[in-house]
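Report on one structure; see the data block that follows.
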Amino acid sequence: MGLSIRASFFRSVTLAASAALLLNSVPVPSVAQAQTKPPVLTQQGPDSVADLAAGLLDAVVNISTSQNVKNDDQAPMPQVPEGSPFQDFFDEFFKGQGGEGGDRQRTVNSLGSGFVIDPSGIIVTNNHVIEGADDIEINFANGSKLKAKLIGTDTKTDLAVLKVEPKKPLTAVPLGDSRKMRIGDWVMAIGNPFGLGGTVTVGIISARGRNINAGPYDNFIQTDAAINKGNSGGPLFNMKGEVIGINTAIISPSGGSIGIGFSVPTELAGNVISQLREFGETHRGWLGVRIQPVNADIAESLKMDTPKGALVAGIIKGGPVDGGEIKTGDVIIKFDGRDVVEMRDLPRVVAESPVGKAVDVVIIRDGKEMTVKVTLGRLEDGENLAEAEAAKTPESEEGTDQAEPPAADLPASDVVLGMKLAVLDAESRKTYGISEDVEGVVVADVQPQSAAAERRIASGDVIVEIGQEAMKTPEDVSARVEELKADGRRNALLMIANKTGELRFVTVRIE
């Protein structure tokens with residue numbers, strides 16, 4: 001779970017890079033020039049944040065956790081002479097380990113940060129601060145301590161909500177709107193770096209919308225306010241004293257601050273915190289589609305002016321849009337009034353939408369823009385459905401995965417884009433273990449260094465569509481590729497299914 005105070009709870013993104021500082025010579029103005037040139041006025045940062053910090057320190061807490069873990073070291077417990085001055089030390093150190101050969105237990109202590117959002121005792125922190133903890137203790141600025149109860153956690157955004165029972169109302173801080181923050185705005189972080197509680201640092205917002213591959217909904221605020229190990233779970237304030245981010249990660253080759261820290265914005269965290277308080281778990285919206293990015297080649301194949309949106313590569317059976325409102329091959333460019341510029345935008349905006357809400361979705365289908373209305377399901381139910389479907393998928397016949405199936409015996413004229421093709425019949429289904437509900441033309445073999453090999457098409461894959469037209473026979477594939485070539489297309493857009501029916505789109509260079 002965690003580490004000691006010497007290496008406390010703060011995730012670091014390892015950065016292996018070197019930097020060079022280039023200094024350019026600047027001409028020095030003459031005295032006359034200096035006298036006639038008006039001074040350049042620059043806006044200064046706040047003279048002091050003392051008053052602001054004084055009103056916020058009491059709401060920021062230190063979080064101490066402990067976890068009992070099994071010690072796998074089976075070395076015998078040291079024996080010391082009776083009456084030795086080290087007797088008490090060894091007794092305490094090996095206390096509860098069960099003696100020689102027994103199951104030994106040891107306690108791991110960790111430190112992190114958090115903040116109070118409700119005077120009744122509701123505290124927000126990071127999930128990784130308290131994950132796996134057997135005991136959670138909250139240390140307040142006035143020196144008092146309270147045991148905390150875990151209300152709920154969300155691993156996807158790394159957030160957790162705790163509850164303490166104070167004798168009198170606590171000092172709390174409000175959640176602000178991170179969407180109003182701009183690059184260059186001043187921010188202040190308060191936390192427990194390296195166990196040094198009540199530490200205040202100031203900086204600016206360096207960037208917004210950062211994706212550091214920490215989770216499916218990455219949308220981090222980047223700041224140069226110094227945050228270190230132990231700041232994790234602490235608040236990032238605007239100059240009004242509102243929390244606009246929860247400090248979560250840093251980039252550092254050394255483990256210390258180099259001015260690149262990341263905070264979960266409240267525009268993402270606010271809804272999660274509310275759901276954890278109300279339900280003890282998240283209730284995210286779910287569209288029930290599999291998606292992939294729209295690159296320049298795919299955009300050209302779909303007659304789009306610019307690559308944007310999320311390409312629907314599959315529809316989840318039993319999901320919210322299984323009825324046909326959205327189809328495979330559609331490109332979602334707007335969801336509930338919010339633009340989907342990149343693929344990663346869609347999961348986030350869908351997840352932030354209420355379960356059961358009917359929303360307008362703008363799609364591009366057959367080169368035309370249209371709007372459809374869908375009612376969202378619950379993501380957590382969808383994950384259970386996906387697990388159930390995976391459990392139902394029959395295992396391949398014994399020996400199928402031991403060697404690559406032999407290529408179909410086809411004449412050279414049936415080679416298209418570097419692929420030898422075959423009719424998808426009962427025999428080919430058995431040979432490649434292809435599911436009964438998959439329809440199309442099976443790829444029997446792929447020539448090395450061909451256009452198809454470049455896109456990782458393999459024998460056993462099934463070509464379902466080319467250029468949004470269904471394929472039934474190898475002749476259909478050849479004819480469709482020739483049509484695209486005659487139209488001056490440089491790439492063919494193929495919908496490919498694997499043996500279980502999972503779809504993906506690839507653009508293959510027309511040779």
Side-chain angles (χ1 to χ4, degrees), residues 9-13 45-46 49 52-53 55-57 59-61 63 112-118 122-129 153-154 156-162 172-193 199-252 257-276 348 351-352:
F9 265 10
F10 199 93
R11 297 183 304 170
S12 294
V13 181
V49 293
L52 178 63
L56 301 174
L57 280 167
V60 181
V61 300
I63 299 177
S113 304
F115 56 97
V116 181
I117 61 169
D118 190 308
I122 302 297
I123 296 171
V124 173
T125 186
N126 280 144
N127 173 64
H128 74 264
V129 169
T153 65
D154 177 42
K156 291 183 173 65
T157 55
D158 195 18
L159 295 175
V161 175
L162 310 175
V173 289
L175 296 181
D177 188 353
S178 61
R179 292 172 295 186
K180 296 180 180 179
M181 303 301 293
R182 302 184 302 163
I183 296 174
D185 280 345
W186 289 96
V187 288
M188 180 173 67
I190 303 179
N192 184 31
T199 299
V200 178
T201 55
V202 176
I204 63 168
I205 290 180
S206 305
R208 292 173 50 91
R210 287 298 196 205
N211 179 11
I212 61 173
N213 297 316
Y217 309 120
D218 278 17
N219 188 31
F220 288 101
I221 294 172
Q222 180 183 328
T223 179
D224 68 350
I227 50 180
N228 291 281
K229 293 180 179 180
N231 273 107
S232 199
L236 188 69
F237 292 101
N238 60 19
M239 291 296 104
K240 296 179 182 179
E242 300 170 330
V243 179
I244 51 89
I246 296 92
N247 299 323
T248 299
I250 59 174
I251 286 181
S252 172
S257 173
I258 60 170
I260 304 178
F262 301 98
S263 299
V264 179
T266 53
E267 64 187 279
L268 176 62
N271 191 39
V272 173
I273 293 169
S274 297
Q275 291 178 5
L276 293 179
R348 186 172 63 250
E352 293 173 359

By side chain to side chain donor-acceptor pair (under 3.5 Å) - contacts of Arg179 (at least two apart): Asp177
Set of residues satisfying side chain to side chain donor-acceptor pair (under 3.5 Å) with respect to Ser263, sequence neighbours excluded: Asn247
From [X] atom [atom1] to [Y] atom [atom2], the distance as rounded to the nearest 0.5 Å:
{"X": "Asn228", "Y": "Asn192", "atom1": "CG", "atom2": "CG", "answer": "11.0 Å"}
{"X": "Met188", "Y": "Phe237", "atom1": "CE", "atom2": "CZ", "answer": "6.0 Å"}
{"X": "Ile250", "Y": "Gln222", "atom1": "CD1", "atom2": "CD", "answer": "12.5 Å"}
{"X": "Ser257", "Y": "Asn231", "atom1": "OG", "atom2": "CG", "answer": "8.5 Å"}
{"X": "Thr199", "Y": "Ile227", "atom1": "OG1", "atom2": "CD1", "answer": "12.5 Å"}
{"X": "Leu175", "Y": "Ile117", "atom1": "CG", "atom2": "CD1", "answer": "5.5 Å"}

Test of understanding: with side chain to side chain contact (heavy atoms under 4.5 Å, CB included), list the residues that count as partners of [X], not counting sequence neighbours.
{"X": "Ala269", "result": "Leu159, Ile246, Val264, Ile273"}
{"X": "Val61", "result": "Ile63, Val116, Ile123, Ile138, Phe140"}
{"X": "Asp218", "result": "Asn211, Ile212, Ala214, Phe220"}
{"X": "Asn238", "result": "Met181, Lys240, Glu242, Ile244"}

Residue pairs, two or more places apart or on separate chains, that pass salt bridge (Lys or Arg N to Asp or Glu O under 4.0 Å) and touch residues 265-275: Arg208-Glu267
Is the shortest heavy-atom distance from the side chain of [X] to the side chain of [Y] under 4.5 Å?
{"X": "Val243", "Y": "Pro174", "answer": "no"}
{"X": "Val202", "Y": "Val187", "answer": "no"}
{"X": "Ile221", "Y": "Arg210", "answer": "no"}
{"X": "Pro193", "Y": "Lys229", "answer": "no"}

Sub-3.5 Å donor-acceptor pair from the side chain of [X] to the main-chain atoms of [Y], do we have one?
{"X": "Thr223", "Y": "Ile204", "answer": "yes"}
{"X": "Thr125", "Y": "Gly114", "answer": "no"}
{"X": "Asp224", "Y": "Gly203", "answer": "no"}

Side-chain H-bond candidate by donor/acceptor type, Thr248 with Asp158, under 3.5 Å: no
Heavy-atom pair of closest approach, residues [X] and [Y]:
{"X": "Phe115", "Y": "Val173", "result": "CD1-CG2, 3.9 Å"}
{"X": "Pro235", "Y": "Ile190", "result": "CD-O, 3.2 Å"}
{"X": "Ala226", "Y": "Thr201", "result": "O-OG1, 2.8 Å"}

[X]: which residues meet the salt bridge (Lys or Arg N to Asp or Glu O under 4.0 Å) condition with it, sequence neighbours left out?
{"X": "Asp118", "result": "Arg277"}
{"X": "Arg348", "result": "Asp345"}
{"X": "Asp154", "result": "Arg284"}

